[in-house]
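The structure displayed is predicted, hence computed values, not measured ones.
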Amino acid sequence: MQDFLSNILRWSTVTSLIDILVVWYVVYRLIMLVRGTKAVQLLKGVFVIVAIKVVSLILQLHTVGYMVDMIITWSVPAMVIIFQPEIRRGLEHLGRGSVLPWTRTDEHQQEERLVKELDKAIQYMSKRRIGALITIQQNTGLEDYIETGIPIDADVSGELLINIFIPNTPLHDGAVIIRDNRIAVAAAYLPLSESSLIPKELGTRHRAAVGISEVTDALTVVISEETGGVTVTTNNHLIRDLTRTDYLKLFKAQLIPQDTEKQNRFQTFFSDLKRKGGTKR
């Protein structure tokens, strides 16, 4: 028994366990980085090539195996080029230290500031009926849509958001995308939903907000030009005509808590809102 325990607790066993955990964590972070981007489709192609290679080894298909080997050999530099945006984003995350546990307090403060600045902008634009479309990235990456916009890379402030959406200015059309508590781009294009459940009186901004909620977990805010009403979409839910109290509760439920709490808090908020009749499709 002692020999068995000593074998388990040997330093080589401990280092092997650490090695496995590190690799698992790196793979997990890479998967989270490429979610919602074109890289997901490319990764599927990589898995198909690997599967073909395995089958060729089992069935002794030498010509197929040789062709797959050539593809794999030349794909390494190609992968670096293709995945350049995701690699850059991962290094930026690492440089900011956002993967480290002791940065959570700072992130919490940034998220609270984000909610405050969003509230400032929404109140101003809603009262003056200035149309706006603001998308906030959550877990799913929005790189495909960020590429369609005009780079801003600025701290989120109510004044900047208001200036972006002032009518007849170069950036007021399209969506502002907020990533990592910063305004990444303005005038971005979002996918339009084809759902027949969207009320006919809602325009392109609302369809774009629903469209992005169908393919990602982003939280999107729409301010109507006609009514000044505030609409929020997330996880394929369209929540219309929110009061200031309601949208602040939703922001705090979705943006401020830790990932493990977000879904439960949102479901509680959404259920309460449905009972009050505050959500429409």
Side-chain angles (χ1 to χ4, degrees), residues 96 98 103-138 142 145-146 148-190 202-206 208-210 212-213 216-234 237-257 262 265-266 269 273 278:
R96 286 193 298 267
S98 59
T103 62
R104 295 300 183 186
T105 302
D106 291 339
E107 287 184 358
H108 194 280
Q109 292 173 351
Q110 291 174 1
E111 289 159 351
E112 287 182 336
R113 181 180 177 277
L114 171 62
V115 171
K116 179 182 176 182
E117 296 300 325
L118 283 173
D119 179 41
K120 186 191 301 182
I122 290 169
Q123 285 296 299
Y124 183 96
M125 292 188 287
S126 178
K127 290 175 182 176
R128 292 160 179 79
R129 297 187 180 181
I130 299 173
L133 180 61
I134 304 170
T135 294
I136 305 164
Q137 177 177 297
Q138 301 288 299
L142 299 178
Y145 311 107
I146 288 174
T148 67
I150 298 173
I152 301 291
D153 191 24
D155 291 333
V156 178
S157 71
E159 292 79 9
L160 179 55
L161 289 172
I162 292 165
N163 276 321
I164 288 172
F165 288 110
I166 293 294
N168 302 319
T169 56
L171 299 179
H172 87 283
D173 259 343
V176 161
I177 298 180
I178 296 174
R179 178 182 65 189
D180 297 331
N181 298 312
R182 291 178 65 82
I183 298 176
V185 295
Y189 293 99
L190 302 183
L202 299 184
T204 304
R205 282 193 179 96
H206 291 82
V210 174
I212 195 68
S213 77
T216 74
D217 61 351
L219 186 147
T220 302
V221 182
V222 184
I223 300 174
S224 171
E225 287 183 354
E226 288 75 21
T227 66
V230 179
T231 297
V232 173
T233 66
T234 182
H237 292 300
L238 172 67
I239 312 171
R240 298 175 58 191
D241 301 324
L242 288 171
T243 65
R244 181 171 184 262
T245 302
D246 285 338
Y247 73 67
L248 284 177
K249 283 183 180 177
L250 194 152
F251 290 166
K252 290 175 182 177
Q254 283 288 91
L255 302 177
I256 295 179
K262 282 182 180 179
R265 289 201 182 188
F266 172 71
F269 169 83
L273 199 60

- Could you check L250 against L219 for side-chain contact (heavy atoms from CB on, under 4.5 Å), going step by step and ending with a plain yes or no? CA-CA 10 Å; L250 194 152; L219 186 147; 3.4 Å; yes
Measure the spacing between [atom1] of [X] and [atom2] of [Y] and express it to the nearest 0.5 Å.
{"X": "Y189", "Y": "I177", "atom1": "OH", "atom2": "CD1", "value": "12.5 Å"}
{"X": "N181", "Y": "L255", "atom1": "CG", "atom2": "CG", "value": "8.5 Å"}
{"X": "R205", "Y": "T220", "atom1": "CZ", "atom2": "OG1", "value": "13.0 Å"}
{"X": "I183", "Y": "L160", "atom1": "CD1", "atom2": "CG", "value": "4.0 Å"}
{"X": "I178", "Y": "L142", "atom1": "CD1", "atom2": "CG", "value": "11.0 Å"}
{"X": "L114", "Y": "Q109", "atom1": "CG", "atom2": "CD", "value": "13.5 Å"}

[Y] side chain reached by [X] side chain, heavy atoms, under 4.5 Å:
{"X": "I136", "Y": "Q254", "value": "no"}
{"X": "Y247", "Y": "I239", "value": "no"}
{"X": "D119", "Y": "Q123", "value": "yes"}
{"X": "H172", "Y": "I164", "value": "no"}
{"X": "F165", "Y": "V176", "value": "yes"}
{"X": "D246", "Y": "D241", "value": "no"}
{"X": "I130", "Y": "Y124", "value": "yes"}

- Picking from L248, I134, V221, what satisfies side chain to side chain contact (heavy atoms under 4.5 Å, CB included) with L118? I134
Any donor-acceptor pair under 3.5 Å linking the side chain of [X] with the backbone of [Y]?
{"X": "Q138", "Y": "D217", "result": "no"}
{"X": "T169", "Y": "I166", "result": "yes"}
{"X": "R113", "Y": "V156", "result": "yes"}
{"X": "R129", "Y": "E226", "result": "yes"}
{"X": "T148", "Y": "Y145", "result": "yes"}
{"X": "T233", "Y": "L238", "result": "no"}

- Item | Candidate pair V222 and L133, rule side-chain contact (heavy atoms from CB on, under 4.5 Å), full reasoning | CA-CA 5 Å; V222 184; L133 180 61; 3.7 Å; yes
On a heavy-atom basis, which atom in [X] and which in [Y] lie closest, and how many Å separate them?
{"X": "G149", "Y": "P151", "value": "O-CD, 3.7 Å"}
{"X": "M125", "Y": "L161", "value": "SD-O, 4.3 Å"}
{"X": "I146", "Y": "R179", "value": "CD1-NH1, 3.4 Å"}
{"X": "A121", "Y": "G158", "value": "CB-O, 3.8 Å"}

- So, S213 and T234: side-chain donor and acceptor under 3.5 Å apart, yes or no? no
- Task: Assess whether side-chain contact (heavy atoms from CB on, under 4.5 Å) is satisfied between I152 and L171, documenting all intermediate values.
- Result: CA-CA 10 Å; I152 301 291; L171 299 179; 4.0 Å; yes
- Message: Holding to salt bridge (Lys or Arg N to Asp or Glu O under 4.0 Å), I want the full list of residues that pass it with K120, two or more places apart in sequence or in another chain.
- Response: E117, E159
